Amino acid sequence: MAAPPHARQPLLAVDDLVVSFRGPLGAYRALNGGSFHVDAGETLAILGESGSGKSVTMRAVMALLPRHSAQIERGTIRYDGEDLSAQPARRTRELSSTELAMVFQDSLTALGPAARVYDEPAHPYTRALISAAPVPRPWAAPPRERIVLTGEVPSPAAPPSGCRFRTRCPLAQPRCAQRTPELRVVAGREVACHYAEESQAGRVPAATGAAR
């Protein structure tokens, strides 16, 4: 549904973006339903391990996906109200010379000042990532919990049911395998986790059985 003419449009809006790749073992989804909005003057951080879809997301936005092996299955990419996903790739490349850019950075040099997401992570995956971030002066920093995730990153060719993170989540419950968590507002931020409140408070939900 189009926004009313007087409504404020986000500068960049990515909605339900799905990107698949064709490989020797068949097609698999490297990004499944990515959505985010960025307003003018706003900064958005996308966190994740290698292979979680960060670069794929931005390559899709910048029309830099490999033409012969990648495909945008569905979703929209809007920049300043213009639907780039409905335009030829050359249109995005025209914008990339004046208005859009992708800067590739090393993960260690890309760490910026602490923000609220670092102080109060609401998703257990975010908590684990932040706990693994290197500290410039560890001898002078206060002690912090190190969360070690066990297991392997699930294959995009055969993702688990429900929450994609549940097979390695320390808070996982049977509900996590049965239902995909919806994006909802918790403490003023959007998070897709059944147990975001428990995660933010550092509590483990009462166990009701295995969720693996």
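In this text the structure is predicted, and so the values were computed from the model without any measurement. We use all heavy atoms of the structure for the numbers below, so side chains are in, but hydrogens, waters and symmetry mates are not.
Residue V153 is not grouped with residue I46 when hydrophobic side chains (ILVMFWY) are merged at heavy-atom distances under 4.5 angstrom, including chains of intermediate members. Residues V18 and V56 do not share a hydrophobic cluster, defined by chaining ILVMFWY side chains whose heavy atoms lie under 4.5 Å apart. Linking Ile, Leu, Val, Met, Phe, Trp and Tyr residues whenever their side-chain heavy atoms come within less than 4.5 Å places L84 and L44 in a single cluster.
The neighbour count for E99 CD, taken as heavy atoms of other residues, nucleotides or ligands under 6.0 Å away, is above 12. Heavy-atom neighbours of R146 CZ from other residues, nucleotides or ligands within 6.0 Å: above the threshold of 12.
In this structure, the separation between CG on L129 and OG on S52 is 8.0 Å, given to the nearest 0.5 Å. Rounded to the nearest 0.5 angstrom, D80 CG and L11 CG are separated by 5.5 Å. If you take CG on L100 and CE on M58, they are separated by 8.5 Å, rounding to the nearest 0.5 Å. Note: C176 SG to L171 CG = 8.0 Å, rounded to the nearest 0.5 Å. Within the model, atoms SG of C169 and OH of Y125 stand 11.5 Å from one another, a figure rounded to the nearest 0.5 Å. Between the CG atom in L17 and the OG atom in S85 there is a gap of 8.5 Å [rounded to 0.5 Å].
In this structure, the side chain of S131 engages the main chain of A128 through a donor-acceptor pair within 3.5 Å. Remark: side-chain polar atoms of H123 are paired, donor with acceptor, to backbone N or O of A192 under 3.5 angstrom. H194 places no side-chain N or O within 3.5 Å of a backbone atom of A172 that could act as its donor or acceptor partner. The backbone N or O of L12 sits nowhere less than 3.5 Å from a side-chain atom of R78 that would complete a donor-acceptor pair. Under a 3.5 Å cut-off, the side chain of R184 and the backbone N or O of C193 do form a donor-acceptor pair. Distance alone, capped at 3.5 Å, is enough to place a donor-acceptor pair between the S35 side chain and the D16 backbone. At least one donor-acceptor pair closer than 3.5 Å links the side chain of T57 to the backbone N or O of G53.
Judged purely by distance below 3.5 Å, without hydrogens or angles, the side chains of S161 and R166 pair a donor atom with an acceptor atom.
By the 4.5 Å heavy-atom criterion applied to side chains, Q200 and V191 are not counted as neighbours. Within the 4.5 Å cutoff, side-chain heavy atoms of R127 are placed close to those of S199. Residues E73 and R29 have side chains in contact (heavy-atom distance under 4.5 Å, counting atoms from C-beta outward). By the 4.5 Å heavy-atom criterion applied to side chains, Y79 and V61 are not counted as neighbours. In this structure, the side chains of R93 and M62 stay at 4.5 Å or more apart for every pair of heavy atoms. Using a 4.5 Å heavy-atom cutoff, the side chains of F36 and E190 are not in contact. The shortest distance between side-chain heavy atoms of P124 and F165 falls below 4.5 Å. Q87 is not listed as a side-chain neighbour of T92, based on a closest heavy-atom distance of 4.5 Å or more.
Here the shortest heavy-atom pairing between R164 and T167 reads O-OG1, 4.5 Å. Of all heavy-atom pairs between P160 and C163, the closest is CG-O, 4.2 Å. The two residues H68 and R22 come nearest to each other via the heavy atoms O-NH2, 2.5 Å. The two residues P159 and A157 come nearest to each other via the heavy atoms CD-C, 3.6 Å. In terms of heavy atoms, V19 sits closest to A60 at CG2-CB, 4.2 Å.
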Can you check side-chain contact (heavy atoms from CB on, under 4.5 Å) on F21 and L65, steps first, answer last? CA-CA 10 Å; F21 284 81; L65 292 170; 4.2 Å; yes

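Salt bridge R168/E152: absent, no basic N to carboxylate O contact under 4.0 Å.
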